[in-house]
Amino acid sequence: MSTTDAQRLFLGVRVSVATANALAQCAEQLARRAKDSGIDIRWLPPTSYHVTLKFLGWVHADAIAAIRDAAATAIAGTPPFRFRTSRLGAFGSLEAASVVWAGIEASEPMMKLAASIDRAMSEIGFAIETRPFTAHVTLGRLRETRPVRDVVLPMSEQMFSETRVDHVTLYESETKPTGSAYKEIAKIGFDPAETSPIRSENRQTEPVDLGDTDNETDDGWPRGEPQGDHK
């Protein structure tokens with residue numbers, strides 16, 4: 001698939017303003033520690049903080065409506081729920097990190113939501129996820145793999161704020177010189193009446209044409225690798 005006629009998409013949940021602010025304060029401290037250690041980390045802006053539920057990869061624009069419809073059907077009637085962000089870690093490990101993240105406390109509703117979306121996406125042509133789902137918020141990405149234990153571990157047990165979830169967002173991930181930027185395409189409410197596209201798309205109901213997908217998710221960890229290191 002040519003990327004000139006496709007968009008790199010994923011479904012996720014944006015964290016609350018209070019959570020984003022708390023994470024941003026933590027990231028500022030991590031950035032100072034990383035700078036003191038000579039470790040180059042590209043930090044995401046707080047407005048980008050989210051939990052990825054399903055990474056889709058490169059998708060033709062005319063398939064967006066099918067994705068939105070399938071997700072809306074899958075999550076319709078899901079009760080709103082809350083989750084708390086807590087603790088810090090790194091992919092692939094604290095000794096060889098490519099991404100620094102904040103974790104999500106065990107949340108059965110979040111697990112069920114991700115599973116429902118995964119099944120729905122498989123029904124329209126996307127591969128079912130084979131890795132265990134580990135909810136997290138990406139804070140920063142390393143330009144090259146480095147040990148970050150001394151940066152992250154002293155702050156690893158922090159607790160952050162809660163987020164209330166009543167909808168899922170379909171995002172486009174755009175690669176820019178400064179890193180990935182995330183654009184909201186549609187908000188998909190647990191109440192179908194609250195589902196709305198952020199920009200209009202041509203309707204598509206046939207299985208999507210995936211073409212060639214890349215080997216890395218929007219959060220920077222390669223397909224087939226474990227999703228987290230809680231050490």
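- Interatomic distance, Leu44 CG to Tyr49 OH, rounded to the nearest 0.5 Å: 7.0 Å.
- How far CD of Gln158 is from CZ of Phe160: 4.5 Å, rounded to the nearest 0.5 Å.
- Arg84 places none of its side-chain heavy atoms less than 4.5 Å from the side chain of Ile104.
- Residues Glu129 and Lys54 share a closest heavy-atom pair of N-NZ, 3.8 Å.
- The pair Glu108-Lys112 meets the salt-bridge criterion, with a side-chain N (NZ, NE, NH1 or NH2) lying under 4.0 Å from an Asp/Glu carboxylate O.
- Checking side-chain atoms of Thr19 against main-chain N and O of Val15 turns up no donor-acceptor pair under 3.5 Å.
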Starting from the C-alpha separation in whole Å, work towards a yes-or-no answer on side-chain contact (heavy atoms from CB on, under 4.5 Å) for Leu88 and Cys26. CA-CA 10 Å; Leu88 303 174; Cys26 177; 3.7 Å; yes
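- Proximity of the aromatic rings of Phe55 and Phe10 is defined here by a centroid distance below 6.0 angstrom, and this criterion is not met.
- Here the CZ-CG distance, from Arg146 to Asp40, works out to 8.5 Å after rounding to the nearest 0.5 Å.
- The closest donor-acceptor contact from the side chain of His167 to the backbone of Val165 lies at 3.5 Å or more, if one exists at all.
- A distance-only check finds a donor-acceptor pair linking the side chain of Thr78 to the backbone of Ile75 [under 3.5 Å].
- Separation of atoms CE (Met155) and CG (Leu153) is listed at 11.5 Å; rounding is to 0.5 Å.
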Could you go through Leu113 and Val168, starting from their C-alpha distance and side-chain angles, then the distance that decides it, and tell me whether this counts as side-chain contact (heavy atoms from CB on, under 4.5 Å)? CA-CA 9 Å; Leu113 183 62; Val168 168; 3.9 Å; yes
For Glu174 and Arg8, what are the C-alpha separation, side-chain angles and deciding distance, and is it a salt bridge (charged side-chain N to carboxylate O under 4.0 Å, His left out)? CA-CA 7 Å; Glu174 299 178 306; Arg8 197 165 181 257; over 6 Å; no
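- Of all heavy-atom pairs between Glu172 and Ile185, the closest is CB-CD1, 3.7 Å.
- Looking at Leu170 and Glu184, their side chains never come closer than 4.5 Å, going by heavy atoms from C-beta outward.
- Using a 4.5 Å cut-off on side-chain heavy atoms (C-beta onward), Trp58 and Leu9 make no contact.
- Distance alone, capped at 3.5 Å, is enough to place a donor-acceptor pair between the Ser16 side chain and the Glu162 backbone.
- Panel note: side chain Arg141, backbone Ser98; no donor-acceptor pair is recorded below 3.5 Å.
- Annotation: the span from Thr47 atom OG1 to Tyr182 atom OH amounts to 10.5 Å, rounded to 0.5 Å.
- Residues Ser116 and Ala74 share a closest heavy-atom pair of O-CB, 3.8 Å.
- Of the N and O atoms on the side chains of His50 and Thr52, at least one donor lies less than 3.5 Å from an acceptor on the other residue.
- Across Ala70 and Ala120, no two heavy atoms sit closer than the pair O-CB, 3.7 Å.
- Hydrophobic clustering of Ile, Leu, Val, Met, Phe, Trp and Tyr side chains at less than 4.5 Å, counting indirect connections, keeps Val17 apart from Val51.
- Side-chain contact between Ile64 and Gln7 is present, with at least one heavy-atom pair separated by less than 4.5 Å.
- Atom CH2 in Trp43 sits 11.0 Å away from atom CG in Leu23 (nearest 0.5 Å).
- With hydrogens and angles ignored, the 3.5 Å screen pairs a side-chain donor or acceptor of Arg33 with a backbone N or O of Asp150.
- What you find for Ile39 and Pro147 is that their closest heavy atoms are CD1-O, 3.3 Å.
- Listed for the Ser156 side chain is no donor-acceptor partner under 3.5 Å among the backbone atoms of Arg87.
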Mind running side-chain contact (heavy atoms from CB on, under 4.5 Å) on Phe81 and Met110 for me, showing each step along the way? CA-CA 8 Å; Phe81 65 90; Met110 182 79 79; 4.2 Å; yes
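- Summarising the geometry of Pro46 relative to Ala20, their closest heavy-atom pair is O-CB, 3.9 Å, with the distance given to 0.1 Å.
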Pair Leu94-Val151, side-chain contact (heavy atoms from CB on, under 4.5 Å): steps then yes or no: CA-CA 9 Å; Leu94 292 175; Val151 173; over 6 Å; no
